[in-house]
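Notes to accompany the following structure.
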Amino acid sequence: MTWTPLHAQIHRTIGDRYLLPPKKRLLVAVSGGQDSLCLVKLLLDIQSKWQWLIAIAHCDHCWREDSHDNAIHVENLAKTWHTPFHLETATNIINSEATARNWRYQALTKIAQVNNYQYIITGHTASDRAETLLYNLIRGTGADGLQALTWQRPLTDNILLVRPLLEITRSQTAQFCQDFNLPIWEDSTNENLQYSRNRIRQQLLPYLQTNFNPQVETNIAQTAELLQAEVAYLEEIAHYWRLESTATSPNPDFQFNRRILQKAPLAIQRRVIRQILQAILPTSPNFEHIEKLTGLITAPNRSQTDPFPGGAIAVVQDDWICFHPDQKKD
Ligand SMILES: Nc1ncnc2c1ncn2[C@@H]1O[C@H](COP(=O)(O)OP(=O)(O)OP(=O)(O)O)[C@@H](O)[C@H]1O
């Protein structure tokens with residue numbers, strides 16, 4: 001086996017960041033594209049050092065003419081590498097990137113649950129991170145959207161999604177595949193410029209590289225890394241304030257003390273409010289929802305909001321902000 005600087009880097013990253021413990025069963029999500037091929041080759045090459053048991057999973061979305069051939073291609077690679085292979089094939093029609101992604105994570109989780117894998121590994125790179133940050137920035141987001149792709153994310157209580165390639169760029173994975181003659185399956189939908197993701201990848205980032213900074217991808221990915229630590233810290237502080245504000249509440253899910261929150265900085269107030277709304281609303285709270293409820297922290301007694309999604313309204317009752325589910329404003 002040839003040991004390259006990329007092998008050394010991934011081995012070090014996994015150790016330094018405690019991403020994957022030794023002796024675990026790992027399920028590597030392989031699309032057949034350059035990133036996940038690079039990922040699985042690197043992990044297979046270092047697996048003996050970590051005593052992992054590695055399997056490959058592929059999800060066939062059935063949304064391209066060559067989807068089935070793509071799945072067989074990955075299956076054949078798994079055979080060549082003497083690695084267990086798991087396939088999930090979509091039965092319902094998948095017609096958008098978001099539906100595809102949701103179904104894929106469900107499919108991977110199901111394979112992991114049935115076959116007892118606690119870790120699902122994907123080939124997201126620093127380039128994906130830069131794209132995600134730009135994509136979210138353009139759509140409008142707080143720091144949480146800009147932290148773009150974390151190293152680890154729980155999918156269930158005992159299954160963790162891990163992304164070990166977040167410091168490696170797409171040009172590095174392409175070079176690696178070329179060096180090792182890995183047969184990349186080209187995804188034709190990546191060429192479709194109707195998707196804003198693809199325009200960011202193929203037009204915006206190259207423009208920024210040529211006209212602003214050749215290192216723009218890595219630099220934006222590093223910004224995401226810095227923000228990730230800051231977001232984690234702020235979320236922890238906000239959690240503490242949320243507990244404080246509900247500590248003496250007769251109904252902690254629906255009633256919290258605004259006098260306590262008045263002492264918190266605005267950034268923390270907004271985060272506490274978002275945490276509260278996330279627990280109450282049927283959909284993710286947006287900017288307006290958070291601002292509306294944050295406004296009640298300093299509003300006069302008996303102020304109230306318009307209904308939130310699901311119909312609940314919030315009312316100020318002296319020191320408290322109380323949620324009344326399914327009620328319309330008078
Ligand atoms: N069909 C597939 N089967 C198995 N794994 C896949 C498949 N498609 C993508 N993946 C995994 O997901 C990683 C990211 O893929 P890609 O960037 O195409 O998806 P994405 O939709 O942008 O991802 P996400 O929304 O999860 O950030 C790949 O490196 C691979 O590990």
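Read the numbers this way: they start at 1 and go in the same order the structure lists the ligands and their atoms. Note that the structure is predicted; figures quoted are calculated from it, not measured.
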request  = Examine ligand 1 and decide if any of its atoms is less than 4.0 Å from a heavy atom belonging to H61.
outcome  =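 Yes, H61 has a heavy atom closer than 4.0 Å to ligand 1.
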Inspect the contact between [Y] and [X] and indicate whether a charged nitrogen and a carboxylate oxygen are less than 4.0 angstrom apart.
| X | Y | result |
| --- | --- | --- |
| R270 | E291 | yes |
| E235 | R274 | yes |
| R17 | E225 | yes |

query = How would you list, by chain and number, every residue that makes a side chain to side chain donor-acceptor pair (under 3.5 Å) with E75, sequence neighbours excluded?
reply =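 For E75 there are no side chain to side chain donor-acceptor pair (under 3.5 Å) partners, ignoring immediate neighbours.
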So is there a nitrogen or oxygen of [X] less than 3.5 Å from a nitrogen or oxygen in ligand 1?
| X | value |
| --- | --- |
| R197 | no |
| R163 | no |
| C59 | yes |
| R201 | no |

Do me a favour and list the nearest non-hydrogen protein atom to [atom] with residue, atom name and distance?
| atom | answer |
| --- | --- |
| atom 21 (O) of ligand 1 | R104 NH2, 2.9 Å |
| atom 30 (C) of ligand 1 | A29 O, 3.3 Å |
| atom 24 (P) of ligand 1 | H124 NE2, 3.2 Å |

task = Could you pull out all residues at least two apart from K41 that satisfy salt bridge (Lys or Arg N to Asp or Glu O under 4.0 Å)?
result =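 So K41 forms a salt bridge (Lys or Arg N to Asp or Glu O under 4.0 Å) with D45.
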task = Please work out which of the three classes, parallel, tilted or perpendicular, describes the rings of W50 and W52, given edges at 30° and 60°.
result =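 Parallel: the ring planes of W52 and W50 meet at under 30°.
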query = Relative to the ring of W103, is the ring of H61 parallel (under 30°), tilted (30 to 60°) or perpendicular (over 60°)?
reply =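 Perpendicular, since the angle between the ring planes exceeds 60°.
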task = Pick whichever of G123, A100, G33 has a heavy atom sitting closest to atom 29 (O) of ligand 1.
result =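 Considering heavy atoms of G123, A100, G33, the nearest to atom 29 (O) of ligand 1 sits in G123.
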